Amino acid sequence: MNDATLPILQVRDLTVRFGSLVAVNGVGFDAQRGQITAVIGPNGAGKSSLFNLISGAIRPSAGRVTFEGRDLTGASPERMLAAGLSRSFQITNLFFELPVRENLRLAAQFVEGGRGLLRHVSASRAAQRRVDELIERFALHARADDLAGFLSHGEQRRLEIAVALAARPRLLLLDEPTQGMSHADTQDTAALIRSLVDDGLSILLVEHDVDLVMDLSDHVVVMHQGAKLAEGRPEAVRADPAVQAAYFGEVQEPAHA
Amino acid sequence: QTAPIRVGVVTPLSGTYAGIGQQVKWGLDLAAAQINAAGGVMGRKLELVYEDEEANPAVATQKAEKLFQVGKVDFLTGTVNSGSTLAVGQVAERNNRLIATTVSFADSITADKCSPNVFRVNARAGMQSAALADWMASTQKNANVFYLGPDYEMGRSTVAAFKAAAEGKGAKTAGEVFAPLDNKDYSPYFGQIRGARPTVIYTSVAGNDTVRLFTQMAEFGVNRNVQVLGASGTVTSQNLAAIGKAADGFVTGVGYSPSIDSAENRKFVADFEAANKSKPDLYGADSYGVLFFYKAAVEKAKSTDTDKVREAMRGLQWATPQGTKTMRAGDHQAMQDMYAVKVEGGQFQIVGKVAAAAAIGPDACSRF
Amino acid sequence: MLDWLQFVLAPQVVNGLSIGVAVVLMALGLTIIFGLLDVINMAHGEFYAIGAYAALALIGMGLPFWWALALTPLLMAALGYATERALIQRVFNSKDRHTLTLLLTFGIAIILEDILKIVFGANPMRIEQPISGATEMFGLFFPNYRLFLMAVGAAVIAVVWAVVFRTRLGAMVRAAAYDRHMAASLGVPVSVVYAGTFAFGVALAGLSGVLLAPIYSVFPTMGRDFVLIAFSVVIIGGMGSIKGAVIAGLLLTQVQSISSLYTSPVWSDPLLFGIMVLVLMWRPHGLFGRLGHG
Amino acid sequence: MLELRDVHTHYGLSHVLQGVSLRVEPGEVVGLFGRNGVGKTTVMKTIAGWVAPSRGAVLLEGQPIGGLPPERICRRGIGFVPEDRRIFPGLTVQENLVLGFMQSPGRSRAEDRRSLDAIYSRFPRLGERRGQMGTTLSGGEQQMLAMARVLVGAPRLLLIDEPTEGLAPKIVDEIFTLMEGLRRDGIPILLVEQNMHRAIGLVQRFYVLERGAIVLEGDGGNTAHREALVRQLAV
Amino acid sequence: MVEALTIGRATAPSAGTRRSAVRALSYAFFAMALLFAAVAATLGDVFFFRLATEALIFGGLALSVDLLLGRTGLLPLGQALFFGFGAYVSALTLKHLAPSLPLALALVLVSGTLVGLVGGLIAIRAKGVYFALISFGLAQVVSKIVFNTRELGASDGLIGVPAPVVGLGVASLDTAHAPSFFLLVLAGMALLLALLMRLMDTPFGRTLDAIRTNEQRLAFLGFDPWRYKLAAFVLAADIAALSGALYPMLRGFVSPELMFFQVSGNAVINVIVGGTGSFVGALYGSALLTALKSVVGSFTAHHAIAIGALFVVSVIFFPKGLIGYLAPALERRWSRR
Ligand SMILES: Nc1ncnc2c1ncn2[C@@H]1O[C@H](COP(=O)(O)OP(=O)(O)OP(=O)(O)O)[C@@H](O)[C@H]1O
Ligand SMILES: Nc1ncnc2c1ncn2[C@@H]1O[C@H](COP(=O)(O)OP(=O)(O)OP(=O)(O)O)[C@@H](O)[C@H]1O
Ligand SMILES: [Mg+2]
Ligand SMILES: [Mg+2]
């Protein structure tokens, strides 16, 4: 099952409709193990919707999601996580009324594998270690005991990624992780993402920071109006005239209904 | 001894039965004032101590216990819903004191759930049905009765009691329906009632529900050419004004009516109206009477000691506005004449009477 | 069979309809206050009672019923406005708005009910029907006042709907309900909007009180169980949905009315509740979601 | 036009702004830069009236506005586009826009209509989705809506907090083009933006905020100042 | 979202001090209760013992409300259903099976779990206000059924429930003896409180806190919030039922009013006045309000106004409740030293 040559995630013909709007329309692609796959596209192209489908937040109208060879189409978020797939949110989604440390502890609880549910929290050694690791890695020492709601936007974005990472997933879905981060923090985050891959994690990334995408990713999927417009290596995608027209904006966008 | 005799009153001054609690209070206050003005009980004044029970047995027991233990009352009365009377009866047993209800009419209180510490001075449900069924049999040949009750235990048992009494006297049953307590609109049931073509409608709804039921029956013309009968609590002086003309012709069986034609009652009604700007109803009258019951018992026992007073109460005869009552020793149920009263022009008129001995029914208490 | 349709079923349906309109009027005030302000107004039943008593008092002063009908909603709006500004506003911005306002209005309900008891006494009272007589239609006997009630109810519902969804005022109110800061920064006078909305809901409750006083009696706790039905209607229809309140209100009263032909009314509450649970299982936010919030 | 003099702002006990002084002159676009959490948004909120300054003065054309409720500040002509967009969820796109009219009461229906049409031709995407609920828009669409909503009210001064956050390059271009247009129209703007390299080309002057205080002020056109800015923020 | 959090605290108090302040206030509660017992026993009182016992029993109900409201973020408006259920099961057991406290409690626990499970399966699906109103409706329906069931005494309730004697090894404790029963209930509540406070420091308890703050995100952390909510609901039902089981031993009867909204509403009031989320606040609130009602009720028939006003005032001016103000005050004192 953990065949290293097999794509970690296979998406086939994924479709979801909201009323008459087809937000994701027959999208299919593979994400390779140990790589960064980026999904880009204009606003409203359906990227977050695609993430919602893959992570189990919404059920697809049609199509299939296969993770490490297992069919997980329409599975609930907690099953997805149990399978090894975790995500962050474009709109910060934290336990705002709980301290930073507790946000991380909750997220890390999963590494205990459901044991010791009724023992004192301090008995969850593995989870505690994981929390300390994350605080270290995301430089959150100074804010560890503050409520998450009191953090600035940028700090919250960082915590958002840390929380998604806590359960030690094998595939991490990041929805615009650097949104609202300062230039310096964006650079730090890029380095961090790279180090995660070095540690063996596979990443699916939605980003608008094109430089970052070109710099980081191994494979790029371009979405436009719900459908897949192109995919390939970053340079190839960037050179694609259709992508330029739809996304980069050098050419005027053709009128559409 | 000249310290006052303290009588506890646990009665609903708020909640669903606040209207009844009001009559209870008026009756008791008037009686206490008169007894004290006339020299009290064995030279001691009566002092009433009130507690609100919110028509909730759980609150009633707490308040009763408080009166017995902290208030040091010698005797307690005032409970309205039978649940409260039964529960407070237990508290009385535990504290070795006596209580009397002046309102609760569930038969069980002086039958299968009787208690040596509980007395009832008012008429119970069975007595009311007996009087009313008797009147119906004498005025209506081949009565065809439709029953409409509020859908809870009391409403149902009241209907059942009257139905048994009526069928015993040869009446037929056209149908029966139970509407929820606090029902808003009775028009959905009118279809059924019309279809059954009854000559008599008997209802055990009470209080605010009666106002709506009667208003709507008049609105839809359901009561045209039909005799409407009901329980003693169906039309009372509290809701009569609100019902208005729609109540005319209604007949019920009660143990008291302000129109009882006796000197005692005329004086009582006059005093009551002077004190409270309102006519007494059966609750006011029976609550008024209970203090004279207690007074007579204490004076007979020459003591306020529970055992002695209980002995004195058994078989005691005492005067009330509705005539002399006798406390039956076997089940602590007062015996009294029963009346059929009819509403005419907004006034209760007596139209029939059943003697106490015929109305009371058998003694079903086996605890003492 | 035809007889049954005409004399049993048809009157039942039409009577159910007149109750339905009454329930919808109540539910409308509740759902507007909830949908737009996110406040569960536990005192709604008491405001309904106050409406009836206000009319009673006005009529007692010698005014004709129609004047009372027109004046009462205005008085009630003033009362609602004052209540909101003096009390509800104070907890409105707390993060526990739901709970706190629910509890607050619960406290207000207790106080109001007792005040009514002190002022008017516990005994029931009644307002004479301003329109008497009945109309015979298709062999059906139908009181005129109920026909009037249905017409007024329908008109009020239509006006309310139009105001909330077809006017800028409605949009303003919904925006202020969701995000007071952003709305304020767009120039919406939020405090006034909140109080005005609450006042409007209270006025609706008061209006139902006056309209129903001639058929139902007037007493301090009159609103208590009526509001229960209104609550179930609002839940089934979807809290905050006007359409939902109307449809659920009419539907539920029909179910109650027709089921009363066949089953004991003991089952009327469990039936209502069963429907509520089933609807919520199928659609967790009621039939028509909600209008104020995401 | 707008001036902050030694403004201090607290959230409860935490002292976030510790003496901020800045100016925006008529017709001027001013940038406010700084790392995450230094208090940029707090400056905006203080001006817009979402939080009250605990000390110091906020002056609009010489008149104090510090501590006024947001609706009064808005009526004075200050339009605020907050960083998290704050689209009203239960409202359609059109209803969100129509609310913007509240900023300038007393305009005729026809004028409102015209400015709505103008906005739809500037943001055709919003026109297409005018009947859709505001929050079902994608992040970028929501940002456009937030900008558009303030613009329909024809504000005299704009506060814009991170308008390009999460937007595709093409839309970022559009937003900057839009802001350039506003600058040409002479509408003063106070802009918070992380995309410094783009923003520096737009602003005439800029401030750098650090731990609740201004640490650097510079001229957008001055190369030395620009280099100082980059140095300040890269460290 | 963020704005809403500003009021009051600037930085989160370190979890440690907050919890130890609450703990100190818990000790204080039980110390005061024992002091009360000592005074009342010397005076040979019975009424106040019973009243205090009743406050504790309803305090148990309030604890169950706090578990749902203060920790899990679910507002139960029908918790009296389980309280009344426990009371009826206990009364029937004592009356018809055997006058044994352990037997009654065991049966209540088993049946309470079942009923809680059924109720939970119905109510937990709903969120927010819907949950509140569903729980309310559930209690409404069941109380009406009890009110109409002749076998359960219908509106009259059941009277004549015997007070059992509890064997405690060498000694035995008569629940009819007011001081003994008070101490027994006090011990029971202390145990319950300790268990609950401990529970909140387990991953299970912390997950409930997380559900309150952001249920939707929890699913993406590998938890199924529904299961946790159901577990919390059943646990709360058990706590309410066990508290209710003690009631008939105290008063010797049960009546359908025990399931009415009044009781549910009072439990919520107790929690709010005492302070949500702290558990011991529920006990403080219950003690405070029981005492208040007993006093005010004797003065005027319009005590409802007094209670309503207290309610309005505490919601507006002290929304955090007694503990919500005492605990931080205590912390400030500690940190100054
Ligand atoms: N729940 C929903 N109901 C209706 N429409 C929706 C819903 N969710 C998303 N949409 C629509 O689906 C389209 C795709 O949205 P999505 O959030 O996936 O875009 P995106 O690619 O992530 O955009 P951005 O880069 O701006 O975040 C948008 O037009 C949006 O309006
Ligand atoms: N509501 C609040 N309550 C308490 N502290 C807050 C609140 N909002 C912000 N803060 C704190 O105030 C400081 C400044 O926050 P602010 O949002 O103004 O920063 P910012 O410069 O806009 O950051 P970013 O670039 O991340 O948006 C931060 O440390 C933050 O933790
Ligand atoms: Mg997106
Ligand atoms: Mg910011």
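Here is the naming used below: chain letters follow the sequence lines, and residue numbers restart at 1 for every chain. Not measured: the values here are computed from a predicted model.
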field: Contact listing (chain A partner; residues 189-207 of chain D; heavy atom under 4.5 Å)
entry: Gln194(D), His197(D)
- prompt: Just how far is it from atom CE of Met133(D) to atom CZ of Phe18(A), taken to the nearest 0.5 Å?
  reply: 15.0 Å
- prompt: Just wondering, more than 12 heavy atoms not from Arg17(A) lying within 6.0 Å of its CZ?
  reply: no
statement: Okay, Glu141(D) and chain A: the region with an atom under 4.5 Å from a heavy atom over there is both
message: How about CZ on Arg59(A), more than 12 heavy atoms from neighbouring residues, nucleotides or ligands closer than 6.0 Å, or not?
response: no
query: Within a reach of under 6.0 Å around CZ of Arg211(D), are more than 12 heavy atoms found that belong to other residues, nucleotides or ligands?
result: no
message: Report which part of Gln142(D) has an atom under 4.5 Å of a heavy atom belonging to chain A: side chain, backbone, both, or neither.
response: neither
